[in-house]
Amino acid sequence: MPPDRCLSPCVATWRVPEYALGTTLDSGQAFRWRPVQLGTMNRGTCRLEARTTGTWEGVVGTRWVRLRQGGEELGAETVVPSADWSWLEQYLQVAVELGPVLATFPPDAALQTAVAACPGLRLLRQDPWECLASFILSSTKQIEQIRQIIERLCAGYGDAVAVPAGHEPAFAFPGPERLAACSEAELRACRAGFRAPYLLEAARRVAAGTLDFTALAERPVHEARAALMSLPGVGRKIADCVLLFAYGFATVFPVDVWVLRALRELYFPGRRMTPRALLEFSETHFGPQAGYAQQYLFHYMRRARVTPVARRPGRCCA
DNA sequence: ACCCAGGATGGAA
DNA sequence: TTCCATCATGGG
């Protein structure tokens with residue numbers, strides 16, 4: 001059932017219960033959203049405040065978008081008119097009901113705690129190329145730094161998109177053909193570091209059709225994963241992020257350092273488990289919506305250790 | 001100066 | 001198989 005909605009060419013609203021917009025946009029699955037406080041001078045300076053009350057701006061495909069949330073209503077505003085808003089409905093997954101997803105979770109205390117701590121956290125459905133390129137750039141980088149690298153990449157090589165009058169310019173994520181035409185030095189200038197040659201080679205293979213990118217969605221998960229891992233710089237973790245965040249394989253459970261820590265501390269405290277053993281545990285324990293479970297555990301762990309620092313007096317939204 | 005960040009890779013043990 | 005140094009860069 002599609003949610004209640006109100007669509008006009010440049011403005012749309014949806015009624016979606018249990019959707020924490022800010023938490024979702026700021027949960028480390030997408031990297032191009034910025035919080036804005038309208039009518040104040042400190043635009044983009046406070047991520048925590050916008051998480052609950054704010055407005056967010058970003059680019060989806062070739063469109064600049066401003067999103068906001070009020071109660072159970074999600075609102076979107078664009079510059080380029082849309083006769084059809086399915087591109088954003090897909091991206092935000094507004095038709096997904098969270099209740100049935102959470103009902104599939106195993107009833108263990110750790111997961112229940114994580115869910116309770118992040119109500120309304122969702123999975124987005126992103127463009128495969130942007131997702132792949134973004135996570136190639138993510139290895140051993142903090143999320144804020146990943147954002148910065150991607151911003152430089154878009155500003156340097158992405159097409160400009162229409163923005164409101166007087167607004168700072170915005171850019172689409174550069175396609176594989178455009179990045180394939182870059183030099184390694186140009187990518188390093190975006191601070192991609194040792195990931196630059198990986199991104200360049202991935203762009204070349206996707207642009208050349210060596211990797212059949214669109215056909216991945218129709219394949220079994222293990223085949224799609226193997227195809228992604230054939231790219232240089234793409235191991236199990238990055239492949240799983242693309243499978244989950246872009247292709248929507250719901251059972252996939254990406255294991256990064258935070259999730260590894262969550263599994264160790266919440267499920268096997270004091271029992272030295274190898275990463276391999278923890279990965280095998282994750283493959284059988286979390287059920288058909290393991291991807292959602294992973295996102296809750298990731299965000300729960302990250303929030304527990306990141307926000308106390310960011311919340312120091314005078315450091316945020318003075 | 002030191003450690004860590006949504007890792008992956010090639011070589012050594 | 002598992003372990004380990006290395007990769008580039010910025011923040012705490």
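Every chain is numbered from 1 and lettered A, B, ... according to where its sequence line falls, protein lines coming before strand lines.
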[atom1]-based separation of [M] from [N] [nearest Å]:
N: C/dT6; M: B/dC3; atom1: P; value: 14 Å
N: B/dC4; M: C/dC4; atom1: P; value: 15 Å
N: C/dA5; M: B/dC2; atom1: P; value: 16 Å

I need the minimum non-hydrogen distance between A/Thr23 and A/His299, along with the two atoms involved.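 The pair with the smallest heavy-atom distance is CG2-CE1, 3.5 Å.
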What pair of heavy atoms forms the shortest contact from A/Tyr91 to A/Gln126, and how long is it? CE1-CG, 4.0 Å
In terms of the angle between their ring planes, are A/Tyr267 and A/Phe281 parallel, tilted or perpendicular, with boundaries placed at 30° and 60°? tilted
Parallel, tilted or perpendicular for A/Phe194 and A/Tyr198, by the 30°/60° rule?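 Perpendicular: the ring planes of A/Phe194 and A/Tyr198 meet at over 60°.
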How many Å lie between [atom1] on [X] and [atom2] on [N], as a whole number?
X: A/Arg191; N: C/dC7; atom1: CZ; atom2: P; result: 18 Å
X: A/Arg152; N: C/dA8; atom1: CZ; atom2: P; result: 16 Å
X: A/Ile149; N: C/dG11; atom1: CD1; atom2: P; result: 11 Å
X: A/Arg188; N: C/dA8; atom1: CZ; atom2: P; result: 6 Å

Where protein sits on nucleotides 6-13 of chain B, one letter per nucleotide: B base, S sugar-phosphate only, - none, heavy atoms under 4.0 Å: BBSS----
For A/Arg195, which contact category applies under a 4.0 Å heavy-atom criterion: base, sugar-phosphate, or nothing?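 Base contact - A/Arg195 has a heavy atom under 4.0 Å of at least one base atom.
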Taking atom types as modelled and ignoring hydrogens, do the side chains of A/Arg205 and A/Ser230 form a donor-acceptor contact shorter than 3.5 angstrom? no
When Watson-Crick pairs (N1 to N3 and N6-O4 or O6-N4) and G-U wobble pairs (N1-O2 and O6-N3) count only below 3.5 Å on both distances, what is the dot-bracket string of DNA chain C, with | for other-strand pairs? |||||||.||||
